[in-house]
Amino acid sequence: MSYIVYTNKNDPHSTIHSDVDCKQIKKHDGEHKYNQGYYKSCETIEEAEEYCHNKADVNKGNISYCSFCKRKK
């Protein structure tokens with residue numbers, strides 16, 4: 001399974017989403033109109049978590065998992 005990490009620089013946090021069927025990602029089409037964040041594709045959950053930890057200067061260590069994706073598992 002692949003994952004998408006959304007990092008918001010204005011409200012410092014990163015959220016890990018499932019790339020398969022997450023409606024949170026699909027409703028935004030991977031874009032934000034105010035340029036407040038960006039997306040990164042990852043092949044594994046470990047890669048997504050490592051990426052989040054490496055972005056601590058942007059996300060201030062606030063890492064979460066999408067509540068919608070979590071319910072689907």
Side-chain angles (χ1 to χ4, degrees):
M1 178 185 289
S2 58
Y3 296 87
I4 300 271
V5 177
Y6 171 68
T7 300
N8 187 313
K9 59 188 178 189
N10 293 346
D11 174 15
H13 71 280
S14 290
T15 305
I16 299 173
H17 300 268
S18 166
D19 191 19
V20 177
D21 60 358
C22 181
K23 289 186 172 128
Q24 292 299 98
I25 295 293
K26 291 180 180 170
K27 78 178 182 182
H28 293 294
D29 292 327
E31 297 289 328
H32 277 276
K33 50 178 137 172
Y34 303 114
N35 194 29
Q36 75 251 26
Y38 46 89
Y39 294 93
K40 164 81 171 142
S41 295
C42 299
E43 292 299 316
T44 65
I45 190 72
E46 293 83 10
E47 182 184 343
E49 291 169 337
E50 182 178 340
Y51 174 79
C52 289
H53 290 294
N54 289 333
K55 295 306 254 174
D57 58 327
V58 179
N59 64 31
K60 308 295 186 217
N62 297 318
I63 302 165
S64 61
Y65 297 84
C66 175
S67 59
F68 178 82
C69 297
K70 199 187 264 186
R71 284 193 298 262
K72 296 290 280 182
K73 291 180 183 175

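Given the structure is predicted, the values throughout are model-derived calculations rather than measurements. FYI, side chains are in, hydrogens and waters are out, and symmetry mates aren't considered; it's all heavy atoms of this structure.
Under the side chain to side chain contact (heavy atoms under 4.5 Å, CB included) criterion, Glu47 pairs with Cys42, Glu43, Thr44, not counting sequence neighbours.
With a 4.5 Å cut-off on side-chain heavy atoms, Val20 and Met1 count as touching. At a threshold of 4.5 Å between non-hydrogen side-chain atoms, the residues Tyr65 and Ile45 count as touching. Side chains of Tyr51 and Ile16 form no contact here, defined as non-hydrogen atoms less than 4.5 Å apart.
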Throw together a table of side-chain donor-acceptor distances under 3.5 angstrom for residues 53-64, partners on residues two or more places apart or in other chains.
unit_1 : atom_1 : unit_2 : atom_2 : d
Asn54  : ND2    : Glu50  : O      : 3.3
Asn59  : OD1    : Gly61  : N      : 2.7
Asn59  : ND2    : Ser14  : OG     : 2.9
Asn59  : ND2    : Cys52  : O      : 2.9
Lys60  : NZ     : Asp57  : O      : 3.3
Asn62  : ND2    : Pro12  : O      : 3.0
Ser64  : OG     : Thr15  : OG1    : 3.3

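The aromatic rings of Tyr6 and His13 stand perpendicular to each other, their planes meeting at an angle above 60°, with 30° marking the opposite boundary.
Expressed to the nearest 0.5 Å, how far OH of Tyr38 lies from NZ of Lys9 amounts to 7.5 Å.
Residue Tyr3 comes nearest to Ser18 through the heavy atom pair CD2-CA, 4.0 Å, listed as atom of the first residue, atom of the second, then distance.
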